Chemist: 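To start, I am sharing the structure in question, which I have written as structure tokens.
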Amino acid sequence: MSRQSFIRATTLQLPLFLLLFGIASASMIVPAVYGLVVRDLEASRAFFYAGLLGVIAFTMIAIAHAGRTPRHGALGPLMSLFAAFVFLPILFAIPFVEALPTTLFLHAYFEMVSAITTTGATMFRDPDRLTDTLHLWRAQVGWMGGLLMWVAASAILAPLHLGGFEVTSQAEPGRRDQTDSNRMAPMNPRHRLARSVQALAPIYVALTLVLWLLLLANGERPLVALCHAMSVLATSGISPIGGVQTSDVGVAGEAVMLLFMLFALSRLTFSKDTVTATQGGLMTDPEFRIGLFIVMGVPLVLFGRHFLGAYDVESMDNLGQAAYAFWGAVFTVMSFLTTTGFVSEHWSEAQSWSGLATPGLILMGLALIGGGVATTAGGVKLLRVFALYQNGSREMERLVHPSSVSGAGASGRRLQSNGAFIAWIFFMLFAISLAAITLLLTLAGTDFEQALVLSVSSLATTGPLTEYAADAPIKLIELSLTAKAVLCGAMVLGRLETLAIIALLTPDLWRA
């Protein structure tokens, strides 16, 4: 049996969550082997035993499911995806807490939820408290979470018109398009999942390896380069040394990482099967163009704010410092827009040059906007922002020419009307979620400013905001147990999005 046939057969015969459980258990062999190589024997033993028990449990349950006809409904894959973000971190946390017995299980569970949702928030601000094996495990879980969302966007969310696809689809969010029977109906959800894994997983792995090699070529240590490569592709922002600003890659390494962050701006950078309102390729894709506009526009505003003042006082001698400041702003803006959260080593120069001591609102705004649909990035998505922009432009045009007709075509008119309406509903749900989580955190004893930053960072899956958005870094480990539990739920909500959670409650999905 070929590799593709084996993957397809395994995917079709087992429930999705059980399959994810088996993959998660088997993946523990990677930190187990690494711990053995670097002589971190306690961590290696913990991961080996946990992975072995997981594989045994998976095998026994898989045997029990042999011969059963799997249920092919719309609810199953979506519910399995939700269960993966809630329950798989329990499995991931077992070897973590065994390798670090000085911490609470809730802290380990928080770390794993933060990793698998690609949030990247951490309880352990001091990187030296964790061994290299645990750092590798955090980055690996975040990398697997990014791949899971990449595949799920194409195989699960797209057929249900969720995750941003609802903006351009003809059906209601959470329901299959009955008029699209030729493309959607004949394909079993598990067949679609297998096809997505075969198409996307090799690309994801190859891009990670290429970035790792490029970072190694720029002088980074192998483990740090691998963790940063996985974090960039998954937009998790997980680092074993506290961030890119403390690494040795310099501007060249940051430039390489920025190029790979472009994959989080638009799905058209790697796929053409989910084109929205444009057929002209990547450079005409609205998400990609808006992303590039923000990445260049925000640093120019920050840079120009001080540049004009420096010109007036004739203090423009150090152009090299100005260039570094501009680069620091470009890299950091791109990183937070894609919800990665890495900060350039020249971000401090950019802060000084802009005259803003703590531009936390700018970083939070970028993270809230987020990246493209069907990418590993979080946030509200660039496509929804574009839909509201299109609708706003059209309404202003109608104020001047009330009898005018939109010339954007059928797809463009869809984006301007129903798509903008659904995007606005999502924004309202996102705002309500933000207010509710902020209120719960304040009730749990958190300061209001910190609660707001924590809410944005969790819903936008941008954990490094806790380090850079407030006046002082937020120490997550000092939060109450209730606040930590609320943040775990908020990270899952931010990764799956409110519309997907609501879709799980609709009767149509339960009857599917």
Side-chain angles (χ1 to χ4, degrees), residues 30-31 33-35 37-38 40 115 118 120 127-128 130-144 146-147 150 200-265 269-270 282 291-292 295-296 299 320-321 323-350 371 375-377 464:
V30 175
V33 171
Y34 178 82
V37 171
V38 299
D40 186 4
T118 70
D128 294 334
L130 303 181
T131 63
D132 287 345
T133 307
L134 293 180
H135 283 304
L136 175 62
W137 181 235
R138 290 179 62 240
Q140 180 183 335
V141 171
W143 183 80
M144 292 188 298
L147 177 60
W150 214 13
L200 297 180
I203 298 175
Y204 193 73
V205 173
L207 290 175
T208 305
L209 291 177
V210 170
L211 180 55
W212 178 41
L213 294 176
L214 291 175
L215 292 178
L216 284 176
N218 281 278
E220 190 61 272
R221 291 195 299 120
L223 175 65
V224 177
L226 180 60
C227 291
H228 286 175
M230 290 190 291
S231 297
V232 169
L233 267 297
T235 67
S236 64
I238 296 174
S239 173
I241 56 175
V244 175
Q245 70 276 12
T246 60
S247 66
D248 300 324
V249 293
V251 174
E254 291 180 358
V256 170
M257 285 187 280
L258 185 142
L259 290 178
F260 280 80
M261 290 178 190
L262 292 174
F263 289 98
L265 291 183
T269 54
F270 62 89
L282 182 62
L292 291 182
V295 169
M296 297 306 299
Q321 182 182 4
Y324 282 130
F326 182 72
W327 168 253
V330 169
F331 179 86
T332 305
V333 167
M334 169 65 91
S335 180
F336 277 88
L337 179 64
T338 58
T339 68
T340 304
F342 280 147
V343 169
S344 170
E345 65 174 316
H346 299 291
W347 174 239
S348 58
E349 286 93 333
T375 66
T376 58

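Remember, predicted model here, so these are calculated numbers, not experimental data.
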Chemist: How long is the span from the CG atom in Leu214 to the CG atom in Leu209, to the nearest 0.5 Å?
Modeler: 11.0 Å
Chemist: Main chain of Glu345, side chain of Glu254: is a donor-acceptor contact present, judged purely on distance under 3.5 Å?
Modeler: yes
Chemist: Does Gly328 offer a backbone N or O that forms a donor-acceptor pair with the side chain of Thr332 under 3.5 Å?
Modeler: yes
Chemist: Run through Leu147, Leu211, Leu136 and flag the one making a side-chain contact (heavy atoms from CB on, under 4.5 Å) with Met230.
Modeler: Leu136
Chemist: Looking at Thr376 and Gly146, would you say the former's side chain and the latter's main chain have a donor-acceptor pair under 3.5 Å?
Modeler: no
Chemist: Locate the shortest heavy-atom distance separating Pro240 from Pro127; write the atom from each residue and the value.
Modeler: O-CB, 3.3 Å
Chemist: Roughly how far, to the nearest 0.5 Å, is the CG atom of Leu213 from the CG atom of Asn218?
Modeler: 11.5 Å
Chemist: For the atom pair CG (Leu258) and CH2 (Trp327), what is the distance rounded to the nearest 0.5 Å?
Modeler: 4.5 Å
Chemist: Between atom OG1 of Thr340 and atom CE of Met261, what is the distance when rounded to the nearest 0.5 Å?
Modeler: 4.5 Å
Chemist: Name the one of Ser236, Ser335, Ser247 that satisfies side-chain contact (heavy atoms from CB on, under 4.5 Å) with Phe342?
Modeler: Ser335
Chemist: If you look at every heavy atom in Ala377 and Ala264, which pair is closest and at what distance?
Modeler: CB-O, 3.9 Å
Chemist: Is there a donor-acceptor contact under 3.5 Å from the side chain of His228 to the main chain of Val244?
Modeler: no
Chemist: Distance-only, no hydrogens or angles: does the Ser344 side chain make a donor-acceptor pair with backbone N or O of His346 under 3.5 Å?
Modeler: yes
Chemist: Please find out if less than 6.0 Å separates the ring center of Tyr204 from that of Trp143.
Modeler: yes
Chemist: The test is side-chain contact (heavy atoms from CB on, under 4.5 Å); show your working for Leu134 and Thr131 and say whether it passes.
Modeler: CA-CA 5 Å; Leu134 293 180; Thr131 63; 3.6 Å; yes
Chemist: Who passes side chain to side chain contact (heavy atoms under 4.5 Å, CB included) against Leu259, sequence neighbours left out?
Modeler: Leu262
Chemist: Using only atom types and a distance under 3.5 Å, with no angle test, would you say the side chain of Trp212 pairs donor to acceptor with the backbone of Pro222?
Modeler: yes
Chemist: Please walk me through it: do Val224 and Leu215 pass side-chain contact (heavy atoms from CB on, under 4.5 Å)?
Modeler: CA-CA 9 Å; Val224 177; Leu215 292 178; over 6 Å; no
Chemist: Go through the steps to decide whether Phe260 and Leu233 satisfy the test side-chain contact (heavy atoms from CB on, under 4.5 Å), and finish with yes or no.
Modeler: CA-CA 7 Å; Phe260 280 80; Leu233 267 297; 4.1 Å; yes
Chemist: Check Gln140 against Pro31 and note the closest heavy-atom contact, atom names and distance.
Modeler: OE1-CD, 3.5 Å
Chemist: Atom CD1 in Ile241, atom CG in Asp128: separation rounded to 0.5 Å?
Modeler: 11.0 Å
Chemist: Quick check: does any side chain N or O of Thr339 sit under 3.5 Å from a backbone N or O of Phe336, one acting as donor and the other as acceptor?
Modeler: no
Chemist: For Asp132 and Val38, what are the C-alpha separation, side-chain angles and deciding distance, and is it a side-chain contact (heavy atoms from CB on, under 4.5 Å)?
Modeler: CA-CA 9 Å; Asp132 287 345; Val38 299; 5.6 Å; no
Chemist: Calculate, to the nearest 0.5 Å, the distance between atoms CG and OH belonging to Leu223 and Tyr34 respectively.
Modeler: 4.0 Å
